[in-house]
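Data first, discussion second: the structure below is written as structure tokens.
So that the names make sense, note that chain A is the first sequence line, chain B the second, and so on, each numbered from 1. Remember, it's a predicted structure, so these values are computed and weren't measured experimentally.
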Number of protein chains: 2
Amino acid sequence: MGNRRLTAREVAKLADVSVATVSRVSRGTGQVSPETRARVLRVIEEHGYRPSQMGRALAEQRHGSVAIVLPGLAGPYFSELIQGFESEVMDAGASVHIFGTHHRADADEHVLGIAARVDAVAVHGDTIGADTLRELAARAPVVVLAGRPLDGIPAVRADNSPIGELTRHLLVDHGYRRLTFVGDPEGSPDVTDRWEAFRDAHRDARLAPPRNPFRIGLQQSDGVLAAGELLGARRPPRAIVCANDETALGVLIGALGRGLSVPGDLAITGFDDVPMSSLVQPRLTTVRQPVRELGATTARLLISGLGGPGAVMDAVLATETVMRESCGCPL
Amino acid sequence: MGNRRLTAREVAKLADVSVATVSRVSRGTGQVSPETRARVLRVIEEHGYRPSQMGRALAEQRHGSVAIVLPGLAGPYFSELIQGFESEVMDAGASVHIFGTHHRADADEHVLGIAARVDAVAVHGDTIGADTLRELAARAPVVVLAGRPLDGIPAVRADNSPIGELTRHLLVDHGYRRLTFVGDPEGSPDVTDRWEAFRDAHRDARLAPPRNPFRIGLQQSDGVLAAGELLGARRPPRAIVCANDETALGVLIGALGRGLSVPGDLAITGFDDVPMSSLVQPRLTTVRQPVRELGATTARLLISGLGGPGAVMDAVLATETVMRESCGCPL
DNA sequence: TTGTAAGCGTTATCAT
DNA sequence: ATGATAACGCTTACAA
């Protein structure tokens, strides 16, 4: 186990040069004669010298890492988002701090603590309060991910409006009545947008939208539970517009488990287009969102440094509806 | 945005004390008179002084954070594992670096890079090669999570043997023949253990185990795909033992989607007991694993410092079979 | 091209 | 109880 590592000073002594030269060689900056470089490199190789991250951070006044704050990590959406973010950050030679708040009470406090260990932070949706977000922005560069810009804090998000199209499709093209929206608008800006698009589509079709959404979490199991309650009611919905694919999949599984026919008895739609959505029977009608790109774009914004005139303040990425069979369309 | 922060020296000047006293007050160590403490605290409050993480790390010679390396983050298993790990680490006042290798080619290299920014590392299963693992252990304290101890590197894992019980149950109690194991033993030590327990149970029942497992990934979508191939064959299996619940759920959904009856035509079992498993129809027979505790135990081991005489070298956590209906047992 | 020396922001050891 | 001051390990002017 780690026989106390070598310092630059010791390498310098061994190679008979100054620490400055060791630094120049190890970072590849400045002018060093080939012979000297070779000599230093030999010592570095031989003794396995690796510069201390701490010393370097202090001298350079930068941590060399960024953070991404998410409500949780479960499900394909977050996994994909993180991959996009991570790979972009790594290409830039930095490292990533991932923090899932999981609705813990002291989340805000921890997020502020993280700000002390990274150079910049990406915050997903409404994971932390607006005040904490502002406080955070005072301590480090911040980008909101899947949310709206706030007081000069830029945002990267996807276009949620296709939920309106989808709702219109169910209402007008298929002629369904009694639609229910499943998802909690309070939970995230994305769901808020989708719920509003759902309601607006009703108004555009001159129909009264439901007064309330059916509020649940965003995981598959939440969808199954929702199906249980919704479909056991006296007047079950004819179609369910879900806030995301995971819940839609859960609702589908729950409906099928109760012996219902989808889309015959119940039509279902989702959002995201995760892999499972095209593998279930019937396949899920949904909206495709470039999740990976969302993470990558956020990372680029964070890394390239924010602010400055002409900087991106709000990046809205395009999405597209994917019509399959769960809405009632023919195969 | 961050009006260049105050340093301890500046606080010292403002409070008319020395930096040493500022340090004593801010860390709450040493003896400081009430008046002096109050004076310093006032300045700290007023100007919003927060000690620099970099300076502190260098002086204390510790990063104050640990890392956890995983193959990926998708699915409820990893989410739960991370929560257990994270919450234990945070209670200790440290922060967490999460790194998902996602099978990227340069994963090993990145893992070694991470070792330079943390005080200790937990590595899941076979995410990195044995050589890299040893090299890593030379740079920082390491614990293997869901794998076997290696050359003095301790491990924390769950007991996979109940898969043997489950297999015996299918073979003997239900009298099924033609069982298939779904999962890739090369992928992780856990799956290796489970595949071996599956084979041993066959031998114990004096039956020939299948020569090969059906190798796939550990996600739900992989399970659906597996069901498609397996059930379309000339002689489909009578029962499928899956490496985990996610794939079992996928197989179940795939089988149901093809119009098969479960467990009538096909029995299915899993491992983990994730929330979905008790919500599907039929409910999944599986093995309950204390995933959260697995993460927490790993974190505690990492934090309390490894090595030393009498240290834990291999912690195997108890698991239990959960009999439900997907194996053919009555409701 | 190379070396000297001054930071970077803490903590901790001595004196006083 | 408090203050100088020396680490901690590196980068980077500035000199030579």
Side-chain angles (χ1 to χ4, degrees), chain A residues 2-41 43-44 47-65 93 113 115-119 139-140, chain B residues 2-41 43-44 47-65 93 113 115-119 139-140:
Chain A
N3 292 318
R4 213 181 75 48
R5 271 167 49 193
L6 229 51
T7 71
R9 220 181 304 277
E10 296 172 307
V11 171
K13 191 149 296 173
L14 287 166
D16 197 35
V17 294
S18 71
V19 280
T21 299
V22 172
S23 174
R24 286 190 271 256
V25 170
S26 90
R27 336 192 51 228
T29 67
Q31 304 294 310
V32 183
S33 81
E35 307 94 64
T36 312
R37 147 164 285 114
R39 187 149 37 93
V40 174
L41 279 177
V43 174
I44 288 181
H47 297 73
Y49 165 76
R50 273 165 303 113
S52 143
Q53 186 59 221
M54 297 165 182
R56 184 166 274 186
L58 188 59
E60 292 181 340
Q61 286 295 80
R62 40 175 256 107
H63 301 270
S65 72
R117 354 182 106 264
V118 298
D119 299 318
R139 302 190 182 185
Chain B
N3 291 316
R4 213 182 72 49
R5 271 167 49 192
L6 230 51
T7 71
R9 221 182 302 277
E10 296 172 307
V11 172
K13 189 149 296 173
L14 288 166
D16 197 34
V17 295
S18 71
V19 278
T21 299
V22 173
S23 176
R24 285 190 271 258
V25 170
S26 92
R27 329 193 56 227
T29 69
Q31 304 295 309
V32 183
S33 80
E35 308 94 62
T36 314
R37 149 164 283 114
R39 188 148 38 92
V40 174
L41 279 177
V43 175
I44 288 180
H47 297 74
Y49 165 77
R50 273 165 302 113
S52 145
Q53 186 59 221
M54 296 165 182
R56 182 167 278 185
L58 187 59
E60 294 182 339
Q61 287 295 77
R62 40 176 255 112
H63 301 270
S65 71
R117 354 182 106 265
V118 299
D119 299 318
R139 302 189 182 184

*Measure the angle between the two terminal helix axes of the helix from C/dT1-D/dA16 to C/dT16-D/dA1, five base pairs each, and quote it to 10°.*
40°
*Can you name the closest pair of heavy atoms from A/Ala12 and A/Val19 and give their distance?*
CB-N, 3.7 Å
*Round to the nearest Å and state the distance from A/Arg62 atom CZ to D/dT11 atom P.*
12 Å
*Where B/Gly64 and B/Asp119 come nearest, the two heavy atoms and their spacing*: N-OD2, 2.7 Å
*Provide the closest heavy-atom pair for B/Arg37 versus B/Val25 in the form atom of the first, atom of the second, distance.*
CA-CG2, 4.1 Å
*asked:* With a 4.0 Å limit, can you tell me whether A/Gln61 has a side-chain N or O closer than that to the phosphate oxygens OP1/OP2 of C/dG7?
replied: no
*asked:* Any non-hydrogen side-chain atom of A/Glu10 less than 4.5 Å from a side-chain atom of A/Thr7?
replied: yes
*Using the side-chain hydrogen bond (donor to acceptor under 3.5 Å, both in side chains) rule, collect all pairs that involve residues 51-63 of chain B, keeping only residues at least two apart or in two chains.*
A/Arg117-B/Gln53, B/Arg27-B/Glu60
*Rounded distance (Å) that lies between atom P of D/dC10 and atom CD1 of A/Ile44*: 10 Å
*asked:* Checking B/Ser33 now: which residues fulfil side chain to side chain donor-acceptor pair (under 3.5 Å) with it, not counting sequence neighbours?
replied: B/Thr36
_Under the side-chain contact (heavy atoms from CB on, under 4.5 Å) test, residues paired with B/Ala20 that sit two or more places apart_ = B/Ser18, B/Arg24
_Of residues 30-38 of chain A, the positions that come close to DNA chain D - non-hydrogen atoms, cut-off under 4.0 Å_ = none
*Mind calculating the distance between CG (A/Asp16) and P (C/dT1) to the nearest angstrom?*
19 Å
_Can you tell me how far apart CG (B/Leu6) and CZ (B/Arg50) are? Round to the nearest 0.5 Å._
10.5 Å
*For A/Arg9, look at atom CZ and say whether over 12 heavy atoms of other residues, nucleotides or ligands are found less than 6.0 Å away.*
no
*Of all the heavy-atom pairs spanning B/Arg139 and B/Ala115, show the shortest one and how long it is.*
CB-CB, 4.4 Å
*asked:* In whole Å, I'd like the distance from the NE2 atom of A/His63 to the C1' atom of D/dG9.
replied: 16 Å
*Taking all atoms of both residues into account, what is the closest heavy-atom pair of A/Tyr49 and A/Ser26, and its distance?*
CE2-CB, 4.4 Å
*Which parts of nucleotides 10-16 of chain C does protein reach within less than 4.0 Å, heavy atoms only, written one letter per nucleotide 5' to 3' as B for base, S for sugar-phosphate only and - for none?*
BBB----
